[in-house]
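Just the heavy atoms: all of them, side chains too, but no hydrogens, waters or symmetry mates, feed the values below. Residue numbers start from 1 in every chain, and the chains themselves are labelled A, B, ... in the order their sequence lines are given, proteins ahead of strands.
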Amino acid sequence: MVKLAVIFFTMILVDNYVLAKFLGICPFLGVSKKLDSAVGMSLAVTFVMVLATAATWPIQTFLLTPANPDGSLKWDMGYLQTIVFILIIAILVQLLENFLKKFIPALYKSLGVYLPLITTNCTILGVTILNLDNGYDFIESIVCAAGAGIGFLVAMVLFSGVRRRVEQAVTPKCFEGLPITLVAAAVTSLSFMGFGGIIDAIFNVAA
Amino acid sequence: MNPILMAIVLVTVIGLIGAVILVAASIFMYVPVDERVEKITAVLAGANCGACGCAGCADYAKSIVEDGNAVNKCTPGGAACAAKVAEIMGVDAGSSTPMKAVVACSGTCGKTGKKYEFQGVQSCQAVKGLYGGDGLCKFGCLGYGDCTRACAFDAIHIVDGIAKVDREKCTGCGACAAVCPNAVISIVPEHKRKPVVLCQNKDKGPDTRKACTAGCIGCMKCAKACPKEAITVENFLAKIDQDKCVGCQLCVKECPMGVIHVPANE
């Protein structure tokens, strides 16, 4: 239980996908202009992350690199990971969109625009692959994906606030627009560096 | 088995299974979409300005088809757009007067002054929060350009200290009116002859005079001059009822402060 909590909070504060791993910068910069769209996008990302992890973990474990009881691999198709995962995630998102359209139109309406955007989002692929690289089991992977999603939400919400201030401030002409946004993103990212080691200390896990 | 062959088979099989699932899903979970919705969305201006009262153009198209919303509410698209939508829906377009933004303030540089020097975040919203704005007149245009930033059509700019609407570019979407903290901007039907009082000052005459040399002092001259009783003075501020106004422009000549203008001719 403690390990799950450590994974979850580490993903949010220390290993934040946007601010520490620099994945998913595109939606981070693109959709963080307004608070409500930032929240909508993050919720959709969280949702798809968990679902994608639930689908890709078994595929990697049982199809691409199945292991014998003694630990040796039956066959090694690990090099197909990227292409197969992208395929799976694309199918999944498409399916999800159809499903929501039919059965939960309200949710479809609120997530609508963001779902197709997520299909090719690198955070999703990043989460699924890094889960396996870290050797997490199924439950740990799901928790990690959920944490990564919430971390994305935190980053987006914080940054949309930062951005509002930045847009109202007077910026030097040469910094206007994207440059100042990137500078602001860098400072936000720096501030998250301050969380390094905090989770290990809280849960008394030997580093 | 040959590892290359196996890789090909594996990816192909996963792809095929995915394809079958998606095809099945699109058949079983098919949601009928009225094709008119897409057609109307294509015809609308696509500014997603919300002037029609719906959340974006697609939403408005949907409400036209499904809820029988009026076809002439797309202000940026104007009459041409309304006609096209009406054609798709097979109904009469009805008349749609073009709506344009009007900045009800005449306090340009030199006519009014500053109460203090403001050096904070350069936005109307921010300056309004500090003692009700830096202008001597607390009702007028603040001139920090929140409206300019809100405008999707590059149609409103700060000229000579106050906001000025580019009447060619303005679509009357109301985005500027929504962000103005002093509510100086209103969306008025464009008319070649009907004038508007370009002042918002509700202070008594002498106070208005002290703040601005181009402010409505509530002298009632326009109201007396109006042959149609279209002008009322309330809180020392004249207001012209656009429905009653016939465009004789007697009030324009009568106004001692020169704040009544026909925005269309500016």
Side-chain angles (χ1 to χ4, degrees), chain A residues 33-34 36-37 40 52 55-56 58-60 62-66 73-106 108-110 112-113 116 119 163-173 176-177, chain B residues 1-33 37 41 48 50 54-59 62-63 66 118-130 142 144-146 148-150 152 175 179 181:
Chain A
K33 269 187 190 152
K34 276 189 190 159
D36 50 349
S37 53
T56 51
I59 285 187
Q60 170 81 16
F62 300 114
L63 261 181
L64 297 178
T65 53
L73 295 178
K74 275 185 204 148
W75 64 75
D76 187 6
M77 296 285 223
Y79 64 92
L80 284 177
Q81 196 184 45
T82 314
I83 193 164
V84 169
F85 279 18
I86 289 178
L87 194 63
I88 298 289
I89 293 168
I91 293 169
L92 207 65
V93 172
Q94 193 61 51
L95 196 64
L96 188 70
E97 206 184 335
N98 276 339
F99 181 82
L100 290 183
K101 215 176 186 173
K102 176 81 181 175
F103 295 109
I104 324 175
Y108 174 75
K109 226 177 158 186
S110 57
V113 203
T119 317
R163 227 173 144 167
R164 244 182 77 178
R165 296 294 293 255
V166 168
E167 283 194 0
Q168 285 188 337
V170 194
T171 27
K173 193 84 191 158
E176 261 173 27
Chain B
M1 201 176 11
N2 185 334
I4 295 177
L5 199 67
M6 196 166 152
I8 294 171
V9 169
L10 190 76
V11 175
T12 317
V13 168
I14 292 179
L16 275 179
I17 293 174
V20 169
I21 292 176
L22 285 187
V23 169
S26 66
I27 293 170
F28 287 119
M29 295 193 250
Y30 175 70
V31 182
V33 181
V37 175
T41 313
N48 287 319
C54 302
C57 297
D59 202 44
K62 209 172 153 209
S63 81
E66 289 173 12
F118 179 69
Q119 294 196 326
V121 175
Q122 298 289 304
S123 87
C124 307
Q125 195 96 45
V127 75
K128 177 75 183 164
L130 203 62
L142 294 154
Y144 285 90
D146 279 12
T148 309
R149 285 185 283 277
V179 295

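Considering B:Ile8, B:Leu10, B:Ile14 in turn, B:Leu10 is the only one that fulfils the side chain to side chain contact (heavy atoms under 4.5 Å, CB included) rule with A:Leu80.
Of the two parts of A:Tyr79, only the side chain, counted from C-beta on, holds a non-hydrogen atom closer than 4.5 Å to a non-hydrogen atom of chain B. For a residue to count as touching a neighbouring chain, one of its non-hydrogen atoms must lie under 4.5 Å from one of that chain's; by this rule A:Leu87 touches chain B with the side chain only. At a 4.5 Å heavy-atom cutoff, B:Tyr144 makes no contact with chain A through either its backbone or its side chain.
Across all non-hydrogen atoms, the minimal contact from A:Asn98 to B:Ala25 is ND2-CB, 4.1 Å. When every heavy atom of B:Val121 is checked against every heavy atom of A:Gln168, the shortest pair comes out as CG1-O, 2.9 Å.
Considering CZ of B:Arg149 and CD of A:Glu167, their distance stands at 9.5 Å, rounded to 0.5 Å.
Checked against side chain to side chain contact (heavy atoms under 4.5 Å, CB included), A:Ala55 has the following partners two or more places apart in sequence or in another chain: A:Ile88, A:Leu92. Applying the side chain to side chain donor-acceptor pair (under 3.5 Å) test to B:Lys128 and every residue at least two apart in sequence or in another chain returns B:Asn182.
The environment of CG in B:Leu130 is crowded: more than 12 heavy-atom neighbours from other residues, nucleotides or ligands sit within 6.0 Å.
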